[in-house]
Amino acid sequence: MTHELEVSIWRGKAAGNFVRYEVPRLQSQTVLDVVTHIQRQLAPDLSYRFACRVGMCGSCAMTVNGVARWTCRTHVAKVASHGVLEIAPLSNLPVIKDLVTDMSGFFDKWARAKGQFRGSASRHEAFAAVGPGSARRRAVDAGIECIGCAVCYASCDVVSWRPDYLGPAALNRAWTLVNDERDVARDERLAAVSGDAGCHACHTHASCTERCPKGLSPTAGIAGLKRTIARDPGPQRP
Amino acid sequence: MTRARLQARLWYWQRISAMVLALAVLIHLVIIVVAVRGGLTAAEILGRTRGSWAVGGFYLAFVVACAVHAPIGLANVVEETLGWRGARVVWLAGVFALLLLGAGLLAVWGVVGAPS
């Protein structure tokens, strides 16, 4: 293990440059630890985001040596075998400053994909009984643990080619709601995720699935949306 | 037809035509192997293919599947690499489809229909 890490960090906005820092190498050090050390010891004006530090909040994703990752759960030993780290903001999102991106477009697309649950039952009715072994419930379980970190969105070539493309996270969310037996906005949602800004633009490269830190498969969800739209046309749907 | 509806249908047609093409390529390879037996000259091969309704029907389906599949893919490539959108992409894909269909039908006619 080297004693010092050579760390290059993006400084600036869309225009900017990488600035090099030397950071002590420690045992069990995460990439977020490295960024935090730089901000607290070397460059107090460095901007970055984090909150939970345990892989739950999805706020600390950055591009580490060219690959989008959640930095709080990424050990330096895994990504910097030669002691060199290059840390940049996530791709496909506008840079606000340094490592902080504007994620409003990312979450606006969740709204465009009708990512909000809409039920019909009131609080006076009994809980819906959804069998844990049913096919639809299993499909929900497979995609529900998304933390909204945008690693998939930053890794998606189609997002970079088609800026209006909803992206893997929003479509994964839509797929979980399409399979939610309590939801009543299925037709409206399937109409919203159709077309070349929706699931039909996906090339099935599966970068999202490869990079998802939670091990989810948005690719499978998007394929499910395509199948559902093809097999089960609805009144508002293609 | 809305744009989303059109895109969903185009995706569906491209998927179906891909299935046809996957099968057609395999059959095409078999036909090549069979057709060259007993002589490799153009006249000898055409002597075996001309007048064959089976060969003509198969290659007609092959050409139609190509004319459906390739222009949809080309439209996607143009949209994603050049940033084109709207009517000019539809026109480009349509013209390309007609070119493929025309050239393909001429080729089919040359192999099975044209008098020697």
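First the proteins, then the strands, lettered A, B, ... as listed; each starts at 1.
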Is the backbone N or O of R118(A) less than 3.5 Å from a side-chain atom of D183(A), with the two atoms forming a donor-acceptor pair by type?
yes

Can you find a pair of side-chain heavy atoms, one from W70(A) and one from C149(A), that are under 4.5 Å apart?
no

Using modelled atom types and a 3.5 Å cut-off, is there a donor and acceptor pairing between side-chain atoms of R48(B) and backbone atoms of R37(B)?
yes

Taking atom CZ of R137(A) and atom CG of D180(A), what is their separation to the nearest 0.5 Å?
8.5 Å

Do any of residues 73-95 of chain B come closer than 4.5 Å to chain A, heavy atom to heavy atom, and if so which ones, in number order?
N76(B), E79(B), E80(B), R85(B)

Bottom line for A201(A): the part with an atom under 4.5 Å from chain B's heavy atoms is backbone

Applying side chain to side chain donor-acceptor pair (under 3.5 Å) as the test, list every pair that has at least one member in residues 88-97 of chain A; sequence neighbours left out.
S47(A)-K97(A)

For V79(A), is there any backbone N or O sitting under 3.5 Å from a side-chain donor or acceptor partner on N65(A)?
yes

